[in-house]
Student: 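Dropping a structure here in structure tokens format, bear with me for questions.
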Amino acid sequence: MRFGARTDPGLVRANNQDSYGHRGPLFLVADGMGGHRAGEVASRIAVEEILAAMEGRDPLAELRSGFAAANEAIRAHALANPDCYGMGTTVAALLLLGGRACVAHIGDSRVYLCRSRTLTLLTRDHSLVEELIRQGSLSEDEARNHPQRSVLTRALGTAETPQVEYTELDLEEGDVFLLCTDGLTAEVTDAEIGAVLAAEGDPQAKADRLVEMARRGGGSDNITVVVVEHHV
């Protein structure tokens with residue numbers, strides 16, 4: 001297994017509300033929301049709490065416990081700090097266990113798989129525009145520029161019980177995974193992402209390339225990417 005990661009504030013925002021981290025076979029990205037730097041607090045708490053829960057005895061159970069602990073910690077911090085009221089965060093997680101991968105997510109940060117040069121989105125955005133797309137009220141092209149494209153329907157820290165989605169799949173030699181916040185997907189198309197992941201090069205070079213593409217595309221939001229290659 002090899003991986004590379006990079007986070008960047010982009011070209012518009014003064015601070016970076018994204019966080020990322022890894023511990024052993026677990027990789028995370030988080031995109032915080034909330035005023036007065038509260039978003040970066042929420043994303044940092046989420047990453048720290050989820051990673052801290054991973055002790056290696058029962059990784060899948062620990063991942064679920066980590067999400068629950070993170071949700072509780074974010075809500076407790078917001079209650080104790082009025083400036084952080086209403087804060088929350090997306091989280092996308094990838095856990096590699098033997099020949100299986102577990103993907104967990106809440107919000108609109110994404111996990112992609114590039115296998116045999118084919119890109120597949122493994123998550124679905126928990127957002128207003130995604131709901132409209134599924135209802136047939138909005139096209140994919142219209143969604144890219146919709147004024148409410150950043151409105152989330154789920155986030156960690158905004159409800160007593162977080163609605164986290166979990167997916168499992170079998171691994172194949174050479175699988176390349178991408179975890180990213182929407183600062184990447186707002187500026188770079190899936191076709192462009194797939195081309196980078198399928199190309200030769202180490203994961204760090206691919207992560208750097210994707211961030212630079214997002215910056216050249218406008219860099220309208222914080223950008224965080226983690227690229228993970230699976231090798232037996």
Side-chain angles (χ1 to χ4, degrees), residues 5-21 27-51 66-94 103-111 121 123-133 138 143-165 178-188 211 214-215 217-226:
R6 182 173 167 187
T7 188
D8 190 281
L11 302 177
V12 175
R13 298 183 182 273
N15 65 315
N16 192 343
Q17 297 194 338
D18 289 358
S19 297
Y20 74 92
F27 301 86
L28 303 169
V29 298
D31 180 358
M33 61 184 191
H36 193 60
R37 308 181 80 87
E40 66 189 67
V41 174
S43 67
R44 186 189 72 244
I45 290 173
V47 169
E48 290 176 350
E49 290 286 340
I50 295 171
L51 293 182
F67 268 94
N71 191 71
E72 183 177 339
I74 292 168
R75 289 170 63 81
H77 188 93
L79 283 173
N81 297 271
D83 285 349
C84 294
Y85 177 78
M87 73 176 182
T89 186
T90 72
V91 179
L94 171 68
V103 173
H105 79 290
I106 185 169
D108 63 357
S109 292
R110 295 179 176 180
V111 181
L121 178 60
T123 55
R124 58 171 186 149
D125 294 351
H126 300 142
S127 66
L128 176 61
V129 295
E130 182 65 21
E131 292 290 342
L132 293 174
I133 291 171
L138 199 67
R144 289 187 66 85
N145 298 307
H146 196 280
Q148 294 180 299
R149 63 185 180 277
S150 297
V151 177
L152 300 180
T153 55
R154 302 185 200 178
L156 209 62
T158 60
E160 186 173 347
T161 303
Q163 294 179 284
V164 182
E165 283 197 41
L178 168 68
L179 295 80
C180 63
T181 59
D182 66 342
L184 176 68
T185 52
E187 310 291 1
V188 184
V211 170
R215 285 175 58 87
S220 60
D221 200 351
N222 306 147
I223 311 151
T224 299
V225 302
V226 176

Student: Has N222 got a side-chain atom pairing as donor or acceptor with G10's backbone, closer than 3.5 angstrom?
Tutor: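 No, the answer is negative, given that no donor and acceptor are paired below the 3.5 Å cut-off.
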Student: Flag the pair E187 / R215 as yes when at least one side-chain heavy-atom distance between them is below 4.5 Å, and no otherwise.
Tutor: no
Student: For the residue pair N81 and V41, establish whether any side-chain heavy-atom pair is separated by less than 4.5 Å.
Tutor: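 N81 vs V41: side chains apart.
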Student: What are the two closest non-hydrogen atoms of I74 and G157, and how far apart are they?
Tutor: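 Taking every non-hydrogen atom into account, CG2-CA, 3.8 Å.
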Student: Just jot down the side-chain contact (heavy atoms from CB on, under 4.5 Å) partners of T158, sequence neighbours excluded, or say none.
Tutor: M33, A155
Student: Looking only at non-hydrogen atoms, find the nearest pair between L156 and A70 and report the distance.
Tutor: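 Answer, listing the atom of L156 first, then A70: CD2-CB, 3.7 Å.
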Student: Less than 4.5 Å apart, side chain to side chain, heavy atoms only: is that true for R13 and D18?
Tutor: no
Student: Can you find a heavy atom in the side chain of L28 that is under 4.5 Å from one in the side chain of L179?
Tutor: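 They are not in side-chain contact.
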Student: Determine the minimum heavy-atom distance between A73 and I45, stating which atoms define it.
Tutor: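 Closest heavy-atom pair between A73 and I45: CB-CG2, 3.7 Å.
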Student: Please check this pair: side chain of H105 against backbone of R124, looking for a donor-acceptor N/O pair closer than 3.5 Å.
Tutor: yes
Student: Within the 3.5 Å criterion, strictly below it, is a donor on T181 or D31 matched to an acceptor on the partner's side chain?
Tutor: no
Student: Does the Q17 side chain pair with the main chain of G34, one donor and one acceptor, at a distance under 3.5 Å?
Tutor: yes
Student: Using the rule side chain to side chain contact (heavy atoms under 4.5 Å, CB included), only one of I106, L152, D182 pairs with T90; which is it?
Tutor: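 It is L152; the other options fail the test.
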Student: List the steps, then state whether side chain to side chain donor-acceptor pair (under 3.5 Å) holds for H126 with Q163.
Tutor: CA-CA 10 Å; H126 300 142; Q163 294 179 284; over 6 Å; no
Student: Indicate the atoms forming the closest heavy-atom contact of A42 with T89, along with that distance.
Tutor: O-CG2, 3.8 Å
Student: In chain order, what residues pass the side-chain contact (heavy atoms from CB on, under 4.5 Å) check against S19, with sequence neighbours excluded?
Tutor: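 Expected list: S43, R44, V47.
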Student: From H77 NE2 over to Y85 OH, what is the distance, rounded to the nearest 0.5 angstrom?
Tutor: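 Nearest 0.5 Å value for the NE2-OH distance: 15.0 Å.
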Student: Would you say the side chain of L121 lies within less than 4.5 Å of the side chain of T123, judging by non-hydrogen atoms?
Tutor: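 Yes, at least one pair of side-chain atoms sits under 4.5 Å.
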Student: Would you say the side chain of N16 lies within less than 4.5 Å of the side chain of E40, judging by non-hydrogen atoms?
Tutor: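 Result no, sub-4.5 Å side-chain heavy-atom pair not found.
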Student: May I ask you to decide if A159's main-chain N or O and N71's side chain share a donor-acceptor pair within less than 3.5 Å?
Tutor: yes
